[in-house]
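Some notes on the structure that comes next.
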Amino acid sequence: MTVLIDSDTRVVVQGITGREGSFHTRAMLNYGTKILAGVTPGKGGTVVEGVPVYDNVMEAVRKHQELNTSIIFVPSRFAADAVYEAIDAGLDLIVVITEGIPVHETMRFVRYARLSGVTIIGPNCPGVISPEVSKVGIMPGHVFSKGRVGIVSRSGTLTYEIAYAMTKAGIGQSTSIGIGGDPVPGTSFIDALEMFREDEETVAVILIGEIGGDMEERAARYIIEQDYEKPVVAYIAGRTAPPGKRMGHAGAIISMGVGDATSKIKALKEAGVEVAELPSQIPELLKKVLKKAGR
Amino acid sequence: MTVLIDSDTRVVVQGITGREGSFHTRAMLNYGTKILAGVTPGKGGTVVEGVPVYDNVMEAVRKHQELNTSIIFVPSRFAADAVYEAIDAGLDLIVVITEGIPVHETMRFVRYARLSGVTIIGPNCPGVISPEVSKVGIMPGHVFSKGRVGIVSRSGTLTYEIAYAMTKAGIGQSTSIGIGGDPVPGTSFIDALEMFREDEETVAVILIGEIGGDMEERAARYIIEQDYEKPVVAYIAGRTAPPGKRMGHAGAIISMGVGDATSKIKALKEAGVEVAELPSQIPELLKKVLKKAGR
Amino acid sequence: MKLYEYEARNIFTRFGIPVPRFKTVSTPEGAREAAEEIAGRVVIKAQVLVAGRGKAGGVKLADNPDEAYGYAKQMLGSEIKGEKVNKIIVSRAVDIDRELYLSIIIDRSIGAPVILASPEGGVDIEELARTKPEKILRIVVDPIIGIRDYQARQAARFLELSEPALKKAQEIIINLYRVFDYYNCELAEINPLALTPEGGLEAIDAKVILDDNALYKYPEFSSELVRDLTYYEAEAKKMNFSYVELDGNIGILCNGAGLTMATMDSVYVLGGRPANFLDIGGGARADLVERAVSLLLQHPKTEVVFINILGGITRCDEVANGIVRALEKTGAMKKIVVRLKGTNEEEGRRILEENRMYVLEEMDEAARKAVELGGRR
Amino acid sequence: MKLYEYEARNIFTRFGIPVPRFKTVSTPEGAREAAEEIAGRVVIKAQVLVAGRGKAGGVKLADNPDEAYGYAKQMLGSEIKGEKVNKIIVSRAVDIDRELYLSIIIDRSIGAPVILASPEGGVDIEELARTKPEKILRIVVDPIIGIRDYQARQAARFLELSEPALKKAQEIIINLYRVFDYYNCELAEINPLALTPEGGLEAIDAKVILDDNALYKYPEFSSELVRDLTYYEAEAKKMNFSYVELDGNIGILCNGAGLTMATMDSVYVLGGRPANFLDIGGGARADLVERAVSLLLQHPKTEVVFINILGGITRCDEVANGIVRALEKTGAMKKIVVRLKGTNEEEGRRILEENRMYVLEEMDEAARKAVELGGRR
């Protein structure tokens, strides 16, 4: 079993005719992802990488009733609209790759999705991959390998870095979820921890956090309160970041006294989470906790 | 068993200090309804008919955690706000007595309530009564009697008329739901039919419709498609109403060729529903269908 | 409340919906001046609220200012389907390639706004819905989210347009929704929306119906609340009664729309002829009841007043007091049948009986009595 | 983007939030005139974006126009916490009975706007949150519904006011939310909101932070996008890079914020000193990479440039080409450590190796190399 995506995942790519959309459509197809349709308004009837393109999502869903997942590459000014379109078309999972969406718009569509029972990953995220099963995202597939460790991360490239280190060390992943670097993500650490909790294949979870907000602290509290059964290993980026400066991600900022790495690392350690100092230490920490847990 | 309200129903009255609010609070208390709190902004700390008044619903809920139902008497300009307050405070059932709420506002709070899993009865309705159990509404309690026939109605006084006729004929009611006379009600005929379907105590349903919209036709279609098991008897008001004129209720208008009584009566008859010509005929029709159903 | 075309056009213009240049005038001279100012051919349109003014001679094409003057003179002061023409508009005549249809309505059964779009406008939309339903696109808008660009795009595409009209149509749809939303409309309609030979779009007709319950938000229309009503309709509206004139001789006064309708129907089923429908609503106090009863007592066509009250939020004692006072003040000698039941009914019956009125208990019985007094059809 | 106080005050005024009468000036003469016009005591406030200007001498009370002139002369052109003062405001001095606090912020963990209200304003809200959390009311607003009257009423009530200030406070909260909503704010804050002896309310300070991602909606601020930035910060902003200056000598250039932070942290953990944080984001092409690398090569404090790329949406070949071109064009002789991995990595490595650059595969290894070249702390 995997989390969020599996062999039944059928994908529509919104913004398929753009540069990133078409490039990653090919990459996903090569990885084995089942992409049935693409959408770009005004480009209906064309074909991209062998995938038929429609003018709107509703039409794509009418033609391909198995569609259940969307990945969005639409530019930031039009991305919120694309999300509503995907929600209204009845899809179950929407992965929003787009960076730079105004957070007021994100708040609204995330809330709307939640009320509508739709899962949103992102925005400003690399997507989701279940190695050797499906990839709905922009991550380089070859750094991941099939296995039993779940990853949830606020960062893209840093996740590839850590997945690569794991893969080299022979530790595969069940599913890797990039929840994105925006201040308001559609799916939080806690949401992801819950998914991994219920996934029988996953035996441990890696949590890749960073400065800004208090999602890591909340995850730590959740781990304590819920008596989380699976071992968790974490890495927190930005421990040398100065306060008040936005470190690349819209969400990565220590502001109003909230969000520094020290507080997050402390909270996680108090919840029994092993926290790595360097990304390259993750594999050994994982081996340690798995051994301790008798796996 | 009853529908919507039962012996666990605990009520907060929004707009309790107004003329109607206080009058009907007393009437409901006299009927045996458990009213724990009232709300009127700025009147917190006072007492109406022995019921403590709070400034807002949240505070009332904090003080009286058993609260699960609200009845709203707030004037139309402030009523939508009162509904949101009740939804946000986590109540399960909201009965909106207020007439004259702009339909755009109603559309929004009805949608919001549905997304939030909250049931709204009304607006512009007489409320709900389960005879001898609880009354959350403005109907004169003494015309109703305990029994096994459910009533759902778009009208207030006409319902009292029919309930009175039934009571005189010795036919009691399980629950009577006044869904209200506005174009967009929080609960529809179909919603009510579904509730009665699942209620073991209810053996038959009376549907009191009127001109305007196509809720009766939809109910007829539902009865056919769902093979509705319980006998339904109907009365449709407004068969002599001229088209284009609003007959008292905001929703009672034959417009754009939709909503005349003939079409409704026809649809109901085709669904096997007995339709009365005069309200006074309801009891005999009921006896007939109940006998036929072997009850 | 239905707006006049010129009011709807003014709103459209403010919300960026293209409308042919026009002037609203109330004299033939004004029409001539307007036609001169606009230059070229103009359309003279009578400003009435009844439907079907075109076939009734309320829309004329004028080639020059003199013709405009002539048509204006004809129309102004005349009646169209019983409605007097006080104003006309003089509007630039538009070359039309194709007529489209656009509207936003409230779908009652879904409880949401719906966009209706058709590439075949200029005809009655209900007729089109019957004959060519596949030519109408319906898009449901979530009322708490509002219209989304993708929906406007989809509706515009259905109009069978190519660029740049396609983009313009999308903007018009968004703006029509803004009108619908801002003004709490029951309906905001453009029929027809003209596609010009140059690829432009113009709203040739404009129809807007506001929700009466939301009118208080728009003080600009509140003075116009009473529009082309009879004296009795206007009086009833002032007091917030629901009042509809019918053809018979039995005045019907009840509390609650359903009961009033059922009473009206019952009178008819039992052989009588209702003169009107008067619903005093819920919770009316004595003074309001007095005015309602007085209204019916004064109405020339009403021979019998049938008052049927079932008290819930309305109290029977208040009703009884109102009836007594109306009789005292008007001094009318018309026949009255009263049926009282519900909240405070004993008190109400006592008041009426003290004033020598006979109160019935059953609705059918009372209706039969009213029919008997009013005479059968 | 944080707005200057005078910008925030102008917005507040337009949205109906009461603000003491004020003028924005950039000369001492202007300050004198403004003080004369306003009459009475005025407050001179330096318009800077750094926090804590009051304690740094950026806020002065002037009894007359001459004093206003004097303070303005002192402030204008001076630096407050490193930020040059180009403008000041001259604002009517307000008598204050009590200081209150109001703000709307985005609660990241809930994903919704939150109203914060306190009867004890004028102090640092974070400090208050630590010392007297019970004195702060938090009300979550549903982002798709917006603020409701009942919420504004609840927040206003918490300010411990009596009528008519209570009603005014409710309106201010609604209007503050409208500012927050209209301008896509991360924060809209009034601290303090002054209660005057007459029972009035006035926003003494105004703080508004806009979401950079939504700035395109407000062309009035777009020309002001580059505010008090160093040359390197301004250049980076133009190209949409995330760039932060640090104290060390090793320039960090990566793709992706998390990786850049982790690289920066790793250099530090391994004993080095990062000179900056430069995230080229996802999908940068050769020309952008060239400009990013050039920026670091030109930076005087940077002795070593450490480029760490893990390609996903970014392609290693584009990065390699960009590096090569930057070196060619700047002709800089600084040391460069490159680590490439991911999409098109073979092609990227080939390009760099053809240009005699040494490419490492592991991040730790590369970081150690960079630290070695830059020297340990």
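Below, read A as the first sequence line, B as the second, and so on, with proteins coming before strands; counting in each chain starts at 1.
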task = Identify which part of B/M107 has an atom lying under 4.5 Å from any heavy atom of chain C, answering side chain, backbone, both or neither.
result = both
Per-residue contact mode, B/L115 against chain C (heavy atom under 4.5 angstrom) = side chain
inquiry  = Looking at B/S22 and B/G18, would you say the former's side chain and the latter's main chain have a donor-acceptor pair under 3.5 Å?
reply    = yes
ask   = Under a 4.5 Å heavy-atom cutoff, which of B/E210, B/K245, B/H24, B/R246 has the most pairs with chain C?
value = B/H24
inquiry  = Does this structure show an ion pair linking C/E361 with B/K168, if we count only N-O contacts that are shorter than 4.0 Å?
reply    = no
task = Side chain from CB out, backbone as N, CA, C, O: work out which of these in C/R130 comes under 4.5 Å of a heavy atom of chain B, or both, or neither.
result = neither
ask   = Where does C/D364 contact chain B at under 4.5 Å (heavy atoms): side chain, backbone, both or neither?
value = side chain
message = A side-chain contact here means heavy atoms from C-beta on lying under 4.5 Å apart; do B/D182 and B/V103 qualify?
response = no
message = As an exercise: rank C/K217, C/R285, C/E186 by heavy-atom pairs under 4.5 Å with chain B and give me the winner.
response = C/R285
message = With chain B as the partner, which of C/F277, C/Y216, C/Y243 has the greatest number of non-hydrogen pairs under 4.5 Å?
response = C/Y216
ask   = Just checking, any donor-acceptor pair under 3.5 angstrom between side chains of B/Y84 and B/E105?
value = no
task = Flag the pair C/R368 and C/E365 as a salt bridge only when some basic side-chain nitrogen lies within less than 4.0 angstrom of an acidic carboxylate oxygen.
result = no
note = Turns out that what part of B/F109 lies under 4.5 Å from chain C's heavy atoms comes down to neither
task = Pick whichever of B/G181, B/P183, B/S280, B/A165 has the most heavy-atom pairs under 4.5 Å with chain C.
result = B/P183
message = Is B/E161 in contact with chain C via its backbone, its side chain, both, or neither, using a 4.5 Å heavy-atom distance?
response = both
query = Side chain, backbone, both or neither: which part of B/R77 has an atom under 4.5 Å from a heavy atom of chain C?
reply = both
note = Among C/P274, C/C254, C/A367, C/G311, the residue with the most heavy-atom pairs under 4.5 Å to chain B is C/G311
note = Ranked by heavy-atom pairs below 4.5 Å to chain C, first place among B/V258, B/I101, B/V143 goes to B/I101
ask   = Side chain, backbone, both or neither: which part of C/D181 has a heavy atom under 4.5 Å from chain B?
value = both
Interatomic distance, C/L270 atom CG to C/D265 atom CG [nearest 0.5 angstrom] = 10.5 Å
task = Report yes if some heavy atom in the side chain of C/L259 is under 4.5 Å from a heavy atom in the side chain of C/M363; otherwise report no.
result = yes
ask   = Are there more than 12 heavy atoms of other residues, nucleotides or ligands under 6.0 Å from atom CZ of B/F23?
value = yes
task = Can you tell which part of B/R239 gets under 4.5 Å to a heavy atom of chain C, answering side chain, backbone, both or neither?
result = both
ask   = Counting heavy-atom pairs under 4.5 Å to chain C, which of B/G251, B/P185, B/G141, B/P279 comes out on top?
value = B/G251
task = Using modelled atom types only, decide if a donor and an acceptor are shared between the side chain of B/T98 and the backbone of B/V74 within a distance under 3.5 Å.
result = yes
key: Within 6.0 Å of OH in B/Y222, more than 12 heavy atoms from elsewhere   = yes
ask   = Salt-bridged, B/D191 to B/R114, with N to O below 4.0 Å?
value = no
query = Is it the side chain or the backbone of B/V110 that comes within 4.5 Å of chain C heavy atoms, both, or neither?
reply = neither
ask   = Which of parallel (below 30°), tilted (30 to 60°) and perpendicular (above 60°) describes B/F144 and B/Y160?
value = perpendicular
query = Side chain, backbone, both or neither: which part of C/L278 has a non-hydrogen atom closer than 4.5 Å to chain B?
reply = neither
note = The interface call for B/H249 against chain C, heavy-atom contacts under 4.5 Å, is both
query = Within the side chain of B/E274, is there an N or O that forms a donor-acceptor pair under 3.5 Å with the backbone of B/I282?
reply = no
task = Look at B/M139, B/E277, B/H142, B/M215 and state which one has the largest set of heavy-atom pairs under 4.5 Å with chain C.
result = B/H142
request  = Check each atom of B/R218 against the heavy atoms of chain C and say whether the ones under 4.5 Å are side chain, backbone, both or neither.
outcome  = side chain
Lys NZ or Arg CZ of C/R377 over C/Y268 ring: under 6.0 Å, within 45° = yes
key: Cationic N near anionic O, under 4.0 Å, C/E347 to C/R315   = no
task = Check whether C/T260 gets within reach of chain B through its side chain, its backbone, both or neither, counting any heavy atom under 4.5 Å.
result = neither
ask   = Which one of C/A262, C/P113, C/A214 has the most heavy-atom pairs closer than 4.5 Å to chain B?
value = C/A262
Largest heavy-atom contact set with chain B, pairs under 4.5 Å, which of C/D211, C/D279, C/L246 = C/D211
note = chain C shares the most heavy-atom pairs under 4.5 Å, among B/G212, B/A27, B/S188, B/G238, with B/G238
